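Below is one structure, written out as structure tokens; the observations come after it.
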Amino acid sequence: MVERYVMSIDQGTTSTRCILFDHRGRLVSVAQREHRQYFPRPGWVEHDAMEIWRNVQRVVPEALAGVGADATRIAAVGIANQRETTVLWDRRTGIPLGRAIVWQDTRTAPLVDALRDRPGDEFFLDRCGLPPSTYFSAPRIRWLFDHVEDLEKRARNGEVLFGTMESWLIWNLTGGVDGGLHISDPTNASRTMLVNIRTLTWDPELLDFFGVPRPLLPEIRSSAESYGEARALLPGVRIGAALGDQQAALFGQTCFSPGEAKCTYGTGSFLLMNTGTDLVHSRNGLLTTVAYKISNEPTVYALEGPMAVTGSLVQWFRDRLGLISTAPEIETLARTVEDNGGCYIVPAFSGLFAPYWRSDARGVIVGLTSYITKGHLARAVLEATAWQTREVVDAVNADSGLALKQLRVDGGMTSDNLLMQMLADVLDVPVVRPLVAETVSLGAAYAAGLAAGYWPDMEVLRRNWYRAGQWLPDMDPERRAYEYESWKRAVERSLGWIRPDGAAGARRSGH
């Protein structure tokens, strides 16, 4: 019998991957292409959506060729994507109306500051579960309307379509200008600040507030169901799932029960805890988000703590400072010293996300003395990720009423064993890495496979999960408390930076 596979298209911040998985959840073929990052102004980050679509057109056949397969051997395809990144395109021509504005982009900071003052956080938290932030899509749409001539008028006339990356790819895969499906799923749509978090529908009050016309927006479907068949690249293959990348990782880590949590360590890092069907509104600086919705089953929610700069801090250390030549070298360099020498780095390059939500914060290095070497700086770089995670875990525990008992981890940074031990030490819980590291792609494949009947139920997916590594806490409690307090003092410096005009950057904190 010829084996069939489930395909995942993982459209990430820096690259696009196509991966094939078999019945046991094993990776059998992968192809990957990076795309260009555009930084036209300080704080601006952009992608070329057409380049990303061309990369998808390349990696899909490459992944199929890796196992000598064609489209007939694909049971279903699932899509995972960088969330919040905003694409607007012409409905008639299929051409994007400028570059996509990436989730890291902070150009909407003045608008977001105004929103926090009026109508204030509660207006948005009550409706969409999100605080005003440069992170989300609605402020970007409003910014584009305000800065691109006739764009709002064209949107109101139905000439323009909006989507995050899964919408853009599904539209192209299913025909584009020739009848392409304009859809999104709740994990992505709920990150726009335009969706009612309870009903998972476009909220009239929020649409009216931002001035976003309904014809611009995709139809919201569940995270796992048969959307339709592909017409390009994979003719006849069912598209069965779409999940924002972090929710896909939660699904791939099989965190299906309330209290189970994962953190993905990549360019940024994102910790999600499953809260079941309970909609938990955070009072400690987290996001209330949709974890997933499988077909007609009840919506499963999560608390999320995004950290904007973790892996990208290592890239900065490599590319901007030139202290290492490859990212893995940072572990070797950090191991040349026993501690950070009293040096802490707060990487607020794009402000601080959870639990502060302060776009005005800036990166700082504190505790510099003549004793500090590049080894101490390397260690401080890794510890910055660990301490940011600790702040998020504290908030998750407080909001959920649960105490995190284990953290499942994935993403490129998990290959750094020293960082994994640091995490276990500062969190005081076991840190566990799965055998299949590509959990974002795996989660999208799992959801698509469930929709297609490739896997019968979620219990089978749990049995596919295997542990590859585990780190146990091994830090003196007094030292942990002292270093955490030192980190907190460094964060206070980040929040109180002085702008070039002499004005203090500090303002009231997020929630």
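Nothing here was measured: the structure is a model prediction, and the numbers come from that model. Residues take their numbers from the sequence shown, with the count starting at 1. These numbers come from the heavy atoms of this one structure, side chains and all, not from hydrogens, waters or symmetry mates.
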Tyr301 side, atom OH; Leu279 side, atom CG - distance, nearest 0.5 Å: 5.0 Å
Closest heavy-atom pair and its distance - Leu404, Ala261: CD1-CB, 3.6 Å
CD/Glu34: more than 12 non-hydrogen atoms of other groups inside 6.0 Å: no
Atom pair CG (Leu272) and SG (Cys255), whose distance is rounded to the nearest 0.5 Å: 9.0 Å
Side-chain donor or acceptor of Glu260 paired with backbone N/O of Ser257 under 3.5 Å: yes
Donor-acceptor contact below 3.5 Å, side chain Thr414 vs main chain Asp410: no
Student check: side-chain heavy atoms of Pro139 and Met193 closer than 4.5 Å: yes
Side-chain donor or acceptor of Asn55 paired with backbone N/O of Arg58 under 3.5 Å: no
Flag for Thr439-Arg408: side-chain donor and acceptor within less than 3.5 Å: no
Backbone N/O of Ala230 and side chain of Thr174: donor-acceptor pair under 3.5 Å: no
Closest heavy-atom pair and its distance - Asp185, Ile220: C-CG2, 4.3 Å
Parallel, tilted or perpendicular, as decided by the 30° and 60° cut-offs, for the rings of Tyr135 and Phe270: parallel
Worked check of side-chain hydrogen bond (donor to acceptor under 3.5 Å, both in side chains) between Thr310 and Ser269: CA-CA 6 Å; Thr310 53; Ser269 295; 2.6 Å; yes
Donor-acceptor pair, side chain of Gln388 and main chain of Ala384, under 3.5 angstrom: yes
Arg379 side chain vs Leu333 backbone, donor-acceptor pair below 3.5 Å: no
Pairwise side-chain contact, Tyr5 with Ser29, heavy-atom cut-off 4.5 Å (strictly under): no
Residue pair Thr332, Glu329: steps toward the side-chain hydrogen bond (donor to acceptor under 3.5 Å, both in side chains) verdict: CA-CA 5 Å; Thr332 303; Glu329 289 177 26; over 6 Å; no
4.5 Å side-chain heavy-atom contact, Trp316 and Leu321: yes
Verdict with reasoning, Asp394 to Arg390, per side chain to side chain contact (heavy atoms under 4.5 Å, CB included): CA-CA 6 Å; Asp394 284 355; Arg390 168 65 186 272; 3.1 Å; yes
Short side-chain to backbone donor-acceptor contact, Thr187 and Gln247, under 3.5 Å: no
pair Leu144-Leu88: side-chain heavy atoms closer than 4.5 Å: yes
Under 3.5 Å: donor-acceptor pair, side chain of Trp455, backbone of Val460: no
Test: Arg335 and Glu331 ion pair at under 4.0 Å: yes
Thr389 vs Met307, side chain to side chain contact (heavy atoms under 4.5 Å, CB included): CA-CA, chis, key distance, verdict: CA-CA 8 Å; Thr389 305; Met307 296 157 268; 3.8 Å; yes
Derivation and outcome, side chain to side chain contact (heavy atoms under 4.5 Å, CB included), residues Asp48 and Arg54: CA-CA 10 Å; Asp48 181 344; Arg54 288 193 297 270; 4.2 Å; yes
Closest heavy-atom pair and its distance - Pro456, Leu450: C-CD2, 4.3 Å
Side chain to side chain contact (heavy atoms under 4.5 Å, CB included) evaluation trace for Leu181 with Trp171: CA-CA 5 Å; Leu181 297 174; Trp171 188 79; over 6 Å; no
Electrostatic pair Arg107-Asp105, nearest N-O below 4.0 angstrom: yes
Distance, nearest 0.5 Å, that separates SG of Cys18 from CE of Met7: 3.5 Å
Trp44 ring center near Phe39 ring center (under 6.0 Å): no
Atom pair OG/CD1 of Ser441 and Ile79 - distance to nearest 0.5 Å: 11.5 Å
Side chain proximity check, Leu194 to Val212, heavy atoms < 4.5 angstrom: yes
Arg24 atom CZ, over 12 foreign heavy atoms within 6.0 Å: no
Steps toward side-chain hydrogen bond (donor to acceptor under 3.5 Å, both in side chains) verdict (Asp399, Ser282): CA-CA 6 Å; Asp399 278 334; Ser282 175; 2.4 Å; yes
Proximity of Trp89 and Trp168 rings by center, below 6.0 Å: yes
Residues, nucleotides or ligands: over 12 heavy atoms within 6.0 Å of Arg36 CZ: no
Test of ring centre spacing under 6.0 Å for His47 and Tyr38: no
Trace of the side-chain hydrogen bond (donor to acceptor under 3.5 Å, both in side chains) decision for Glu166 with Asn81: CA-CA 6 Å; Glu166 87 295 344; Asn81 60 286; 3.1 Å; yes
Using residues 231-240 as the side-chain source, report each donor-acceptor pair under 3.5 Å to any protein atom, sequence neighbours left out, with the distance given to one decimal.
residue	atom	partner	partner atom	Å
Arg231	NH1	Asp178	O	2.6
Arg231	NH2	Asp178	OD2	2.9

Residues Lys293 and Glu225 bridged, charged N to O under 4.0 Å: no
Student check: side-chain heavy atoms of Glu304 and Thr288 closer than 4.5 Å: no
Euclidean distance, Ser312 OG relative to Met413 CE, rounded to 0.5 Å: 8.5 Å
Minimal non-hydrogen separation, Ala444 against Ala241, with atom names: O-CB, 3.9 Å
Under 3.5 Å donor-acceptor, Arg214 side chain and Leu217 backbone: yes
Within 6.0 angstrom of Asn296 CG, more than 12 heavy atoms from elsewhere: no
Arg73 side chain vs Glu3 backbone, donor-acceptor pair below 3.5 Å: yes
Least distance between heavy atoms, Arg127 atom then Leu206 atom: CB-CD1, 3.9 Å
Arg191 bridged to Glu84 by N-O distance under 4.0 Å: yes
Minimal non-hydrogen separation, Pro430 against Lys405, with atom names: CD-O, 3.3 Å
Nearest-0.5 Å distance that lies between atom OH in Tyr292 and atom OG in Ser223: 10.0 Å
Sub-4.5 Å side-chain heavy-atom contact between Leu271 and Lys262: no
Salt bridge (charged side-chain N to carboxylate O under 4.0 Å, His left out) partners of residues 428-439, not counting sequence neighbours, each pair once: Arg17-Glu438, Asp428-Arg480
Contact check, side chains of Asp474 and Gln421, non-hydrogen atoms, under 4.5 Å: yes
